[in-house]
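Note that the numbering runs from 1 along the sequence shown for the chain.
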Amino acid sequence: MKIAGSYTFNARRDRVWQVLLDPKTMAQCIPGCESLNEVAPDQYEATMKVGIASVKGNYKGKVSIKDKQAPSHYVLSGEGSGGPGFMQGDVSIDLEENDGRTVLKYSTDAKVGGLIASIGQRMLNGVAKMMVEQFFKKVESFI
């Protein structure tokens, strides 16, 4: 499942970088996140409750931050599984500052399997984009 897009924050890049890498803030911004606990530097364990159409479930997973190039680039690597299936992938995140505003560009090619994959590519893409938009709007409230 390929997803890519961008979002513009009305803030300087260093501030956006700081907020995006704060685990307490992220836990509040990720839709369905019930916990996000640091287990090592840049490594976290997460618990989420996600529902897509009639497929709902709890997921446990691991998230790590790799290839950090402050304040312009990092890769968020994650994997999770639960009753409805599994998800795995890397999200490349790039931040560009322009006139005091920051454009965040993201792209991923995630793997989804199990019951949740039976929902269909179009619906999964739509739900994923909606969740990403919810995430960015929440992040914006912390900036």
Side-chain angles (χ1 to χ4, degrees), residues 1-112 114 116-117 119-143:
M1 174 172 74
K2 292 185 183 210
I3 302 170
S6 65
Y7 192 89
T8 301
F9 293 97
N10 194 18
R12 299 188 64 77
R13 180 169 64 175
D14 57 339
R15 176 66 183 146
V16 174
W17 176 269
Q18 180 183 26
V19 170
L20 287 173
L21 293 178
D22 177 27
K24 290 179 183 172
T25 303
M26 290 300 91
Q28 295 177 58
C29 295
I30 298 169
C33 183
E34 295 185 330
S35 69
L36 184 65
N37 301 309
E38 189 168 18
V39 293
D42 291 338
Q43 294 183 16
Y44 306 89
E45 288 183 347
T47 304
M48 296 181 64
K49 184 177 274 187
V50 179
I52 301 173
S54 62
V55 180
K56 296 175 175 40
N58 295 319
Y59 291 87
K60 289 188 180 211
K62 296 179 181 185
V63 178
S64 61
I65 299 168
K66 302 190 279 190
D67 194 24
K68 239 197 297 195
Q69 299 166 25
S72 61
H73 173 82
Y74 66 96
V75 173
L76 199 56
S77 182
E79 59 183 58
S81 61
F86 73 89
M87 295 179 224
Q88 175 186 10
D90 292 344
V91 180
S92 178
I93 297 170
D94 292 290
L95 302 171
E96 297 172 7
E97 189 170 330
N98 189 359
D99 293 328
R101 298 172 63 154
T102 302
V103 177
L104 180 149
K105 294 180 181 176
Y106 64 91
S107 64
T108 185
D109 189 3
K111 294 172 183 63
V112 179
I116 200 162
I119 291 173
Q121 188 73 23
R122 278 193 178 156
M123 182 170 239
L124 279 176
N125 274 351
V127 170
K129 285 185 178 189
M130 180 185 72
M131 289 177 73
V132 167
E133 191 69 22
Q134 288 174 356
F135 169 77
F136 287 138
K137 285 195 183 306
K138 275 274 188 105
V139 168
E140 208 167 58
S141 70
F142 287 90
I143 293 179

Determine which pairs satisfy salt bridge (charged side-chain N to carboxylate O under 4.0 Å, His left out) with at least one residue from residues 60-83, sequence neighbours left out, and list them in order.
Asp42-Lys68
Determine which pairs satisfy salt bridge (charged side-chain N to carboxylate O under 4.0 Å, His left out) with at least one residue from residues 124-143, sequence neighbours left out, and list them in order.
Glu133-Lys137
Give the intermediate values and the outcome of side chain to side chain contact (heavy atoms under 4.5 Å, CB included) for residues Leu76 and Ile65.
CA-CA 5 Å; Leu76 199 56; Ile65 299 168; 3.8 Å; yes
Donor-acceptor pairs under 3.5 angstrom involving side-chain atoms of residues 82-99: please list them, not counting sequence neighbours.
unit_1: Asp90; atom_1: OD1; unit_2: Ser77; atom_2: OG; d: 2.7
unit_1: Asp94; atom_1: OD1; unit_2: His73; atom_2: ND1; d: 2.7
unit_1: Glu97; atom_1: OE1; unit_2: Arg13; atom_2: N; d: 3.0
unit_1: Glu97; atom_1: OE2; unit_2: Arg12; atom_2: NH1; d: 3.0
unit_1: Glu97; atom_1: OE2; unit_2: Arg12; atom_2: NH2; d: 3.1

Would you list the atom pairs, donor with acceptor, under 3.5 Å between side chains in residues 24-39 and any protein atom, with sequence neighbours excluded?
unit_1: Thr25; atom_1: OG1; unit_2: Asp22; atom_2: OD2; d: 2.5
unit_1: Gln28; atom_1: NE2; unit_2: Lys24; atom_2: O; d: 3.4
unit_1: Ser35; atom_1: OG; unit_2: Thr47; atom_2: OG1; d: 3.2

Can you name the ring-ring contact (aromatic ring centres under 6.0 Å, His included) partners of Phe135, sequence neighbours left out?
none
What's the spacing between Ile143 CD1 and Asn10 CG if we round to 0.5 Å?
9.5 Å
Are any of the side-chain heavy atoms of Thr102 and Thr8 separated by less than 4.5 Å?
no
Where is the tightest heavy-atom contact between Ala128 and Ile3, given as atom of each residue plus distance?
CB-CD1, 3.2 Å
Applying ring pair (Phe, Tyr, Trp, His ring centres under 6.0 Å) as the test, list every pair that has at least one member in residues 6-49; sequence neighbours left out.
Tyr7-Phe9, Tyr7-Phe136, Phe9-Phe136, Trp17-Tyr74
